[in-house]
**Q** 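My questions all concern the structure below.
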Amino acid sequence: MSAFHTTPADHAKGGKSKKKRKGKGDEPDPRIINLKSSMPRAVPAPLRFARNRALRHWTIHRAWLLFQRKEREREAHELERMYQSMHNAAEELRQTSGPGTREEGFLYRVAMEKKGVYGHNAVPIEYARPQTETPAREPWNHGWTR
Amino acid sequence: MTASSRGGNVAATLLRRQPNTICVSCRYSQFRSYSAGAASATATAEAHHLKPTESQPHPPFTASRRAEYRIKSGIILTRAPLITRALTPFENAFFFYQKRLNERLVLPFRHTFYYKKDTASDLDWRIKFEERGKIAAKELGRYYAQGRNAWNDELLVGSTLSSEDRVREILLKDAENRVTEDGEEAQPDEIVPVESPMDRITEADKTNDVRRLDRKLDRTLYLVVRRSDGKWQFPSEDVPTNEHLHETASRALESAAGVNMNTWMVGRVPVAHLVTPPKFNEDTSMKQQGEKVFFLKGRIMAGQADLKGNKLGLDDFNWLTKEEVKEKLGGRYFHAVRNMMADR
């Protein structure tokens with residue numbers, strides 16, 4: 001059979017086969033090699049836990065969930081407490097007459113006004129400061145003057 | 001249920017409604033029932049907390065009498081925490097545990113993807129990699145996640161591997177540049193140490209300087225001032241007839257602690273109140289005027305309190321955490337304001 005085929009297989013169909021680009025070597029682009037070797041298709045082996053280890057992991061996991069739940073509830077309780085304090089103070093203010101000859105609830109109505117609460121400059125820009133893990137070189141500017 | 005009977009229900013609800021359970025402003029502005037006038041005397045007395053007692057069966061109430069309460073407005077000036085809270089030991093250990101589990105789960109780190117071959121950064125990485133014992137993770141100790149002892153990933157009790165100080169030190173050391181400009185490994189005397197971050201415990205913490213604002217950085221601080229009679233309190237002042245609570249509060253702060261503070265009044269709504277009921281004689285005349293103090297909340301962003309030449313007769317100030325405020329202010333005063341204070 002091989003005696004009949006005198007031309008290579010890719011030249012057999014009248015030169016229609018793809019030609020390699022000029023100017024590049026036979027090797028593929030090194031960047032592609034790097035990418036391919038850096039992102040192998042292999043899937044990492046699954047974690048296998050023996051019985052006691054799995055139980056320990058389950059306990060740790062449950063402890064973490066419990067911790068998070070307690071934190072959440074503590075925060076909700078804290079907010080509720082602060083809100084109730086505000087509510088009680090406002091309620092007391094509503095039942096207060098004065099100052100002087102003002103009628104009952106005058107100070108309350110003023111306190112409930114929402115002037116300047118929304119929109120620009122409602123919250124000063126200095127207040128938008130995130131907490132960090134370690135303090136700044138100068139933790140507090142004591143020398144600030146108006 | 002027919003329409004007519006539903007209407008009857010609504011009317012019955014209106015009739016049953018007690019007029020003295022709501023305040024004067026609501027009663028006159030929203031609706032007015034016929035029995036309101038008769039009950040108004042009781043309602044006003046109740047609004048002023050002058051309830052009938054055994055010794056005073058009829059609460060004293062006359063229109064011409066002077067007011068039972070002085071109204072005061074105070075400001076609770078707070079400094080928000082500047083740094084995050086410290087991790088609990090459980091959180092610390094849990095995060096470390098998760099990092100090691102992650103090491104077991106991921107594919108091995110390919111440094112060729114991040115560092116081009118034969119460059120300075122490649123050499124730098126390889127030096128540090130060798131020093132860690134060929135472990136890609138920086139702070140996990142000698143733990144080989146793909147090796148034979150991969151199962152041994154749990155910290156033992158009392159181990160200091162997960163302590164924050166150790167991790168910080170390791171990361172700082174890792175940030176040093178280990179390659180010279182010639183592209184060779186740097187000698188120990190050529191390595192420039194990286195500037196370390198500031199300590200979470202400041203100088204004011206060590207000397208317990210309660211007048212400075214850079215103490216207790218992970219807690220909220222509250223400004224308390226001392227009157228000349230030795231009593232500690234929040235800055236407060238009487239509300240004159242032509243002022244509102246928030247105006248008086250900011251005025252009280254200015255006259256107490258000076259203007260050199262960058263402060264922000266969080267709102268106009270009072271966050272806490274303290275009521276001292278008035279005292280009466282046997283003949284219902286007033287012995288001592290009662291007092292209502294409403295506290296507004298403020299935040300300080302910069303600056304420091306200065307009591308020099310204040311008009312309120314104050315002689316000292318402190319920036320205290322919640323627990324210290326409790327010690328200074330004492331039972332009743334603290335009890336009135338404690339609910340507005342954050343946990344941290």
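Proteins get letters first, then strands, A, B, ... in listed order; numbering begins at 1 in each. Everything numeric here is computed off the predicted structure, so don't read it as measured data.
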**Q** Using side-chain heavy atoms (C-beta onward) and a distance below 4.5 Å, is Phe67(A) in contact with Thr88(B)?
**A**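 Sidechains of Thr88(B) and Phe67(A): in contact.
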
**Q** Nearest 0.5 Å, what's the CD-OG1 distance between Glu164(B) and Thr134(A)?
**A**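 Output value for this atom pair is 11.0 Å.
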
**Q** Quick check: does any side chain N or O of Asn260(B) sit under 3.5 Å from a backbone N or O of Arg146(A), one acting as donor and the other as acceptor?
**A**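 Present.
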
**Q** Under a 3.5 Å threshold, yes or no: a donor from one side chain and an acceptor from the other, between Glu126(A) and Asn262(B)?
**A**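 Distance-only check passes for Glu126(A) and Asn262(B).
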
**Q** Between Thr248(B) and chain A, with a heavy-atom cut-off of 4.5 Å, which part of the residue counts as in contact: side chain, backbone, both or neither?
**A**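 No part of Thr248(B) comes within 4.5 Å of chain A.
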
**Q** Please flag which part of Arg299(B) lies under 4.5 Å from any non-hydrogen atom of chain A: side chain, backbone, both or neither.
**A**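 Looking at Arg299(B), just its side chain touches chain A.
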
**Q** For a 4.5 angstrom cut-off between non-hydrogen side-chain atoms, does Thr132(A) reach Thr84(B)?
**A**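 Side-chain contact under 4.5 Å: no.
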
**Q** Find out whether Leu105(B) and Leu47(A) are in side-chain contact, i.e. whether some heavy atom of one side chain is under 4.5 Å from a heavy atom of the other.
**A**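 Yes, close enough: below the 4.5 Å cut-off.
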
**Q** Please flag which part of Thr112(B) lies under 4.5 Å from any non-hydrogen atom of chain A: side chain, backbone, both or neither.
**A**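 Answer is both: backbone and side chain atoms of Thr112(B) are under 4.5 Å from chain A.
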
**Q** Within a strict 4.5 Å, meaning less than it, do heavy atoms of the Glu113(A) and His246(B) side chains meet?
**A**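 No, side chains not in contact.
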
**Q** Check whether Glu71(A) gets within reach of chain B through its side chain, its backbone, both or neither, counting any heavy atom under 4.5 Å.
**A**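 Answer is side chain: those atoms of Glu71(A) sit under 4.5 Å from chain B.
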
**Q** Under a 4.5 Å heavy-atom cut-off, does chain A meet the side chain of Leu82(B), its backbone, both or neither?
**A**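 Both parts, backbone and side chain.
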
**Q** Please state whether the side chain, the backbone, both or neither of Lys115(A) comes within less than 4.5 Å of a heavy atom of chain B.
**A**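 Both the backbone and the side chain of Lys115(A) come within 4.5 Å of chain B.
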
**Q** What's the spacing between His57(A) NE2 and Glu154(B) CD if we round to 0.5 Å?
**A**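 Reported value, rounded in 0.5 Å steps: 10.0 Å.
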
**Q** Under a 4.5 Å heavy-atom cutoff, which of Met39(A), Glu75(A), Met82(A) has the most pairs with chain B?
**A**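 Highest number of heavy-atom pairs under 4.5 Å: Met82(A).
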
**Q** Using 0.5 Å steps for rounding, measure from the OG atom of Ser38(A) to the NE2 atom of His111(B).
**A**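 So the gap between those two atoms works out to 10.0 Å.
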
**Q** Measure the shortest side-chain to side-chain distance between Leu213(B) and Asn141(A) over non-hydrogen atoms and say whether it is less than 4.5 angstrom.
**A**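 The answer is no, as the side chains (C-beta and beyond) never meet within the 4.5 Å cut-off.
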
**Q** Among Arg212(B), Arg215(B), Arg79(B), exactly one meets side chain to side chain contact (heavy atoms under 4.5 Å, CB included) together with Trp140(A). Which residue is that?
**A**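 Testing each of Arg212(B), Arg215(B), Arg79(B) against Trp140(A), the sole residue satisfying side chain to side chain contact (heavy atoms under 4.5 Å, CB included) is Arg79(B).
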
**Q** Is Val337(B) in contact with chain A via its backbone, its side chain, both, or neither, using a 4.5 Å heavy-atom distance?
**A**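 For Val337(B), no heavy atom lies under 4.5 Å from chain A.
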
**Q** Strictly distance-based, threshold 3.5 Å: is any side-chain N or O of Arg81(A) a donor or acceptor partner for the main-chain N or O of Met341(B)?
**A**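 Answer holds: yes.
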
**Q** At a heavy-atom separation under 4.5 Å, does Asp306(B) approach chain A through its side chain, its backbone, both, or neither?
**A**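 When you check distances to chain A, no heavy atom of Asp306(B) falls under 4.5 Å.
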
**Q** Is the closest side-chain heavy-atom distance between Thr241(B) and Arg102(A) below 4.5 Å?
**A**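 Touching, per the 4.5 Å side-chain cut-off.
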
**Q** Can you name the one residue among Met340(B), His273(B), Arg338(B) that meets side chain to side chain contact (heavy atoms under 4.5 Å, CB included) with Ser85(A)?
**A**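 Of the listed residues Met340(B), His273(B), Arg338(B), the side chain to side chain contact (heavy atoms under 4.5 Å, CB included) partner of Ser85(A) is Met340(B).
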
**Q** Determine whether Arg74(A) and Asp343(B) make a side-chain contact, defined as any pair of heavy atoms from C-beta on separated by less than 4.5 Å.
**A**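 A side-chain contact under 4.5 Å exists here.
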
**Q** Any chance you could measure Gln131(A), atom CD, to Leu217(B), atom CG, to the nearest 0.5 Å?
**A**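 Between atom CD of Gln131(A) and atom CG of Leu217(B) there are 10.5 Å.
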
**Q** Checking heavy atoms, do the side chain of Lys297(B), its backbone, both or neither come under 4.5 Å from chain A?
**A**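 Just its side chain gets close to chain A.
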
**Q** Let me know if Leu87(B) has heavy atoms under 4.5 Å from chain A in its side chain, its backbone, both or neither.
**A**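 For Leu87(B), no heavy atom lies under 4.5 Å from chain A.
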
**Q** For residues Arg53(A) and Asp153(B), determine if any side-chain heavy atom of one lies less than 4.5 Å from a side-chain heavy atom of the other.
**A**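 Answer yes - side chains close enough.
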
**Q** Please state whether the side chain, the backbone, both or neither of Val117(A) comes within less than 4.5 Å of a heavy atom of chain B.
**A**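 For Val117(A), there is no contact with chain B at all, as no heavy atom is under 4.5 Å.
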
**Q** Using non-hydrogen atoms and a 4.5 Å limit, figure out which bit of Arg70(B) sits close to chain A: side chain, backbone, both or neither.
**A**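 Neither part.
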
**Q** For Arg268(B) and Met112(A), indicate whether the former's side chain and the latter's backbone hold a donor-acceptor pair under 3.5 Å.
**A**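 No, Arg268(B) side chain to Met112(A) backbone: no donor-acceptor pair under 3.5 Å.
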
**Q** Atom CE of Met301(B) and atom CH2 of Trp144(A): how far apart are they, to the nearest 0.5 Å?
**A**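 Going from the CE atom of Met301(B) to the CH2 atom of Trp144(A) covers 8.5 Å.
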
**Q** Suppose we call two aromatic rings close when their centres sit under 6.0 Å apart. Are Trp64(A) and Tyr97(B) close by that rule?
**A**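 Judged by ring-centre distance (under 6.0 Å), Trp64(A) and Tyr97(B) do not meet the cut-off.
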
**Q** Counting only non-hydrogen atoms closer than 4.5 Å, does Phe90(B) touch chain A with its backbone (N, CA, C, O), its side chain (CB onward), both, or neither?
**A**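 Side chain of Phe90(B) only, per the 4.5 Å heavy-atom cut-off to chain A.
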
